[in-house]
Engineer: 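Got a structure here, written out as structure tokens. Questions coming.
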Amino acid sequence: MVREWDPRTASSDEIGSVLETLNAVLAADLPQDPPWREGSLREYLSEVMPGERRISWVAEGSPDPDGTPGRILGHVHVLLLGDIGVLEVLVHPSVRRTGLGRQLVLTAARRVYQEGFRSIGVEVVGDTPAVAFYESLGFAREYVETRSVLDLTSVDWPALTEMAGGVGAGYHLEFCPGGPPDELIEAYARAKAEVRDVGDGELRPSSYDPQRLRDSLDTLHRRGMKPYIVLALHEQTGEVAGLTEVVVPAQHPTRADQYDTIVVQDHRGYGIDRAIKARMLLELRSAEPELVEVQTWNAQANEAMLKVNAELGYRPDREWCEYSVDVAELVHRLDPTR
């Protein structure tokens with residue numbers, strides 16, 4: 001049975017059951033990824049940015065003979081974001097190829113269509129069954145980037161310390177756990193508005209407006225995701241010349257996520273990109289002692305950042321793709337009677 005589901009009011013058993021399915025999917029498709037934990041999972045599934053909405057459904061197995069509700073074997077949510085619905089589907093490996101995935105996609109697509117959205121997007125991890133699944137439903141690949149992973153146990157820390165000190169004269173680095181101080185928010189927003197890491201897709205948009213940045217940081221905290229930021233400040237003007245962002249989620253605190261890394265055009269060529277990323281890793285080493293890996297995503301066209309990441313010790317892992325489809329066409333394909 002598929003039913004609409006609100007993680008904010010769901011029982012602890014239901015949250016635990018969703019977690020079990022999520023980790024079963026990871027074990028089958030991404031066995032090198034760390035399993036998720038229940039810490040702040042409810043908040044992760046329910047909290048959104050102002051102006052955005054997330055709608056969720058679950059698929060339950062048959063109840064036990066004693067009346068205990070069945071396990072949650074499938075979960076789908078759609079984030080209504082701007083003019084697109086961003087989809088995420090989980091199906092327990094034990095019930096794959098039963099039509100459940102198609103049923104979950106159809107359920108979400110119908111709602112997206114009713115809400116007046118014209119397209120659905122989804123992130124698809126390369127070399128997993130999801131690629132063939134979404135392509136069979138008519139989703140088209142729009143964008144590809146490479147995920148790379150840094151194993152902190154193999155980092156050359158003395159070399160990293162040297163890289164962190166390699167920023168040009170006239171700049172200094174500032175570490176900001178939790179987010180930049182409010183007096184730097186506007187300068188921070190200007191840096192992000194001018195340029196961001198080359199090749200970002202459409203399903204993980206950055207925030208360039210000062211208030212939206214505040215909202216974004218607040219949402220991260222509410223979802224149990226702690227942001228860390230290193231800024232390169234131009235000493236003469238006080239402007240943000242470069243920045244890098246890493247988020248450590250409570251749901252998988254042993255692996256952090258790299259967000260934007262930006263060097264403003266007028267300040268390139270002074271070693272800022274390498275220095276801020278190295279400084280970040282040095283700070284995380286003491287701020288997050290449980291952390292053992294950092295993952296980042298880059299377009300292959302972004303050769304400069306790929307070079308910096310390789311020097312820091314990142315190793316390419318697998319493709320990460322964005323797919324999209326016209327909502328009306330998807331609903332018709334899955335339910336031709338409409």
Side-chain angles (χ1 to χ4, degrees), residues 123 125-126 141-152 154-157 159-168 171-176 180 187-208 213 216 227-234 239-248 255-285 291 293-322:
E123 286 192 336
V125 184
R141 187 178 297 195
E142 302 287 347
Y143 171 71
V144 181
E145 57 189 355
T146 299
R147 182 179 75 169
S148 299
V149 179
L150 173 65
D151 179 356
L152 295 179
S154 65
V155 166
D156 183 342
W157 293 105
L160 208 69
T161 301
E162 186 175 345
M163 291 181 196
V167 67
Y171 299 92
H172 75 271
L173 306 187
E174 187 169 321
F175 176 57
C176 306
Y188 189 81
R190 285 194 295 272
K192 287 176 72 83
E194 179 169 330
V195 62
R196 59 175 171 166
D197 198 5
V198 176
D200 281 353
E202 296 301 318
L203 305 186
R204 287 178 271 126
S206 294
S207 299
Y208 307 136
L213 274 170
S216 178
Y228 291 93
I229 294 168
V230 172
L231 303 176
L233 299 175
H234 187 227
E239 285 295 299
V240 173
L243 61 94
T244 191
E245 307 162 332
V246 167
V247 171
V248 179
R255 179 180 285 192
D257 300 327
Q258 174 78 58
Y259 280 30
D260 281 346
T261 295
I262 294 166
V263 179
V264 175
Q265 183 71 38
D266 290 345
H267 301 282
R268 294 182 179 177
Y270 297 97
I272 291 174
D273 48 3
R274 183 180 294 100
I276 57 179
K277 295 195 79 166
R279 171 69 178 275
M280 174 66 80
L281 295 172
L282 290 167
E283 296 286 358
L284 288 174
R285 189 185 188 188
L291 191 66
E293 294 174 312
V294 181
Q295 59 186 359
T296 188
W297 294 262
N298 294 101
Q300 285 298 321
N302 191 359
E303 295 179 1
M305 192 56 63
L306 289 170
K307 182 175 184 292
V308 168
N309 287 340
E311 292 173 353
L312 293 170
Y314 283 89
R315 296 292 177 263
D317 177 37
R318 59 177 70 220
E319 288 187 343
W320 218 264
C321 314
E322 290 185 5

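The figures here come from the full heavy-atom set of this structure, side chains too, leaving out hydrogens, waters and symmetry mates.
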Engineer: Rounded to the nearest 0.5 Å, how far does CZ of R279 lie from CG of L284?
Structural biologist: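 Output value for this atom pair is 11.0 Å.
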Engineer: Looking at side-chain heavy atoms only, is the closest gap between E245 and I262 below 4.5 Å?
Structural biologist: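 A side-chain contact under 4.5 Å is absent here.
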Engineer: Using side-chain heavy atoms (C-beta onward) and a distance below 4.5 Å, is T296 in contact with T261?
Structural biologist: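 Heavy-atom side-chain distance check fails, nothing below 4.5 Å.
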Engineer: Using the side chain to side chain donor-acceptor pair (under 3.5 Å) rule, pick out the option among K277, R315, R274 that qualifies with N309.
Structural biologist: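 It is K277; the other options fail the test.
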Engineer: Could you check L152 against R285 for side chain to side chain contact (heavy atoms under 4.5 Å, CB included), going step by step and ending with a plain yes or no?
Structural biologist: CA-CA 8 Å; L152 295 179; R285 189 185 188 188; over 6 Å; no
Engineer: Can you tell which of Y259, F175, Y188 makes a side chain to side chain contact (heavy atoms under 4.5 Å, CB included) with I229?
Structural biologist: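 Exactly one candidate clears the test, Y188.
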Engineer: Any side-chain heavy atom of V240 sitting closer than 4.5 Å to one from V264?
Structural biologist: no
Engineer: Is there a side-chain contact between R318 and V125, using heavy atoms and a 4.5 Å cut-off?
Structural biologist: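 Of all side-chain heavy-atom pairs linking V125 with R318, at least one is under 4.5 Å.
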Engineer: Which heavy atom of A164 sits nearest a heavy atom of L173, and at what distance?
Structural biologist: O-CD1, 3.7 Å
Engineer: Looking only at heavy atoms, which two atoms of L160 and A278 are closest? And how far apart?
Structural biologist: O-CB, 3.6 Å
Engineer: With a 4.5 Å heavy-atom cut-off, do T244 and D260 have their side chains touching?
Structural biologist: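 No - every pair of side-chain heavy atoms lies 4.5 Å or more apart.
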Engineer: Taking side chain to side chain donor-acceptor pair (under 3.5 Å) as the test, write out the residues that go with D156, two or more places apart.
Structural biologist: none
Engineer: Is there a side-chain contact between N298 and E145 (heavy atoms, below 4.5 Å)?
Structural biologist: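 No, side chains not in contact.
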Engineer: Roughly how far, to the nearest 0.5 Å, is CE of M280 from CG of L231?
Structural biologist: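 Separation between the atoms: 9.0 Å.
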Engineer: Hey, does Y314 have a side-chain heavy atom less than 4.5 Å from the side chain of L306?
Structural biologist: no
Engineer: Identify the two heavy atoms, one from L282 and one from W157, that lie closest to each other, and give their separation to 0.1 Å.
Structural biologist: CD2-CE3, 3.7 Å
Engineer: Once side chain to side chain contact (heavy atoms under 4.5 Å, CB included) is applied, do any residues pair with Q295, and if so which ones, sequence neighbours excluded?
Structural biologist: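 By the side chain to side chain contact (heavy atoms under 4.5 Å, CB included) rule, Q295 matches R147, V149, H252, R255, D257, W297.
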Engineer: Closest heavy-atom contact between G242 and I272?
Structural biologist: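 Here G242 and I272 meet closest at CA-CG2, 4.1 Å.
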Engineer: What pairs meet the salt bridge (charged side-chain N to carboxylate O under 4.0 Å, His left out) rule with one or both residues in residues 296-306, with sequence neighbours excluded?
Structural biologist: none
Engineer: Identify, with sequence neighbours excluded, every residue that meets ring pair (Phe, Tyr, Trp, His ring centres under 6.0 Å) alongside Y171.
Structural biologist: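 With sequence neighbours excluded, Y171 shows a ring pair (Phe, Tyr, Trp, His ring centres under 6.0 Å) to H234, H267, Y270, given in chain and number order.
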Engineer: Which atom pair, heavy atoms only, marks the closest approach of V144 to R141?
Structural biologist: CG2-CD, 3.3 Å
Engineer: E142: which residues meet the side chain to side chain donor-acceptor pair (under 3.5 Å) condition with it, sequence neighbours left out?
Structural biologist: S324
Engineer: Between V308 and D273, what is the shortest heavy-atom contact and its length?
Structural biologist: CG2-OD2, 3.7 Å
Engineer: Rounded to the nearest 0.5 Å, what separation is found between the CE atom of M163 and the CD atom of E311?
Structural biologist: 6.0 Å
Engineer: With sequence neighbours excluded, what pairs up with T146 under the side chain to side chain contact (heavy atoms under 4.5 Å, CB included) test?
Structural biologist: S148, Q300, P316
